[in-house]
Amino acid sequence: MSKISTFILRIILEGDEFSVDTFNDPRTALSNYLPNFYDLIVLDLKLPYMSGDEVYHKIRLLDKETKICFLTSSEHSFHLFQEKGHELPDLNLFIQKPIENQTFLRKIKKILEG
């Protein structure tokens, strides 16, 4: 995710009273990761230095409980993700970009409730 996109998502979430940590470099995010600290991780599939599914796998080695959802502009990402052997409860964990702010917030809240 670009720095601008990360900043915008942070503003949207903080405007709805969420506490947010953001990282634009997955290596930094992983080195600062605190297992079982976060309720939800919003992860883009296209990242610099490593793919979103690589980051997902590394987080899952550290933390099996935290919910993870993905932002993607691809309709095929869910199936590609499954082909790599990752198990996800459902397609609702993939949020397709572009997305309206209120729709994004509704999806995040639904994921957190589930």
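Note that these values count all heavy atoms, side chains included, but never hydrogens, waters or copies made by symmetry.
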Under the side-chain contact (heavy atoms from CB on, under 4.5 Å) test, residues paired with [X] that sit two or more places apart:
| X | result |
| --- | --- |
| T22 | T6, R10, V20 |
| E100 | T103 |
| Q102 | L105, R106 |
| D39 | L112 |

Do [X] and [Y] have side chains that approach each other closer than 4.5 Å (heavy atoms only, starting at C-beta)?
| X | Y | answer |
| --- | --- | --- |
| Y33 | T66 | yes |
| L43 | L71 | no |
| I59 | I68 | yes |
| I99 | K107 | yes |
| I95 | C69 | yes |
| L9 | F104 | yes |
| L93 | I111 | yes |

Next on the checklist: Atom NZ of residue position K67 - does it have more than 12 heavy atoms of other residues, nucleotides or ligands inside 6.0 Å?
Outcome noted: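 Counting neighbours around NZ of K67, more than 12 heavy atoms of other residues, nucleotides or ligands fall under 6.0 Å, so yes.
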So does [Y] get a backbone contact from the side chain of [X], meaning a donor-acceptor N/O pair under 3.5 Å?
| X | Y | result |
| --- | --- | --- |
| E54 | S51 | yes |
| N32 | T28 | yes |
| D44 | L47 | no |

Next on the checklist: Before you tell me yes or no, could you show the steps for T72 and K97 under side-chain contact (heavy atoms from CB on, under 4.5 Å), namely the whole-Å CA-CA distance, both residues' side-chain angles and the distance that decides it to 0.1 Å?
Outcome noted: CA-CA 6 Å; T72 181; K97 301 183 288 186; 5.7 Å; no
Checklist outcome for this item: Residues passing the side chain to side chain donor-acceptor pair (under 3.5 Å) test with D21, sequence neighbours excluded, are Y38
Checklist entry - Sequence neighbours excluded, which residues qualify as side chain to side chain donor-acceptor pair (under 3.5 Å) partners of K109? => result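 Testing K109 for side chain to side chain donor-acceptor pair (under 3.5 Å), a comparison that skips the adjacent residues, returns D16.
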Checklist entry - Can you name the nearest heavy-atom pair linking P48 to N24, along with the distance? => result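 Distance-wise, the nearest heavy atoms are CG-O, 3.6 Å.
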Checklist entry - Excluding sequence neighbours, so at least two apart, what forms salt bridge (charged side-chain N to carboxylate O under 4.0 Å, His left out) with D25? => result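 Salt bridge (charged side-chain N to carboxylate O under 4.0 Å, His left out) check on D25 returns R27.
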Checklist entry - Taking the inter-plane angle between the rings of F94 and F70 on a 0 to 90° scale, is it parallel (under 30°), tilted (30 to 60°) or perpendicular (over 60°)? => result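 Geometry flag for F70 against F94: parallel rings.
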Checklist entry - For the hydrophobic clusters of this structure (ILVMFWY residues joined by side-chain heavy atoms under 4.5 Å, transitively), does one cluster hold both F37 and L61? => result no
Next on the checklist: Are Y49 and L30 connected into the same hydrophobic cluster when the rule is that any two of I, L, V, M, F, W, Y join if their side-chain heavy atoms are below 4.5 Å apart?
Outcome noted: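 No, L30 and Y49 fall in different hydrophobic clusters.
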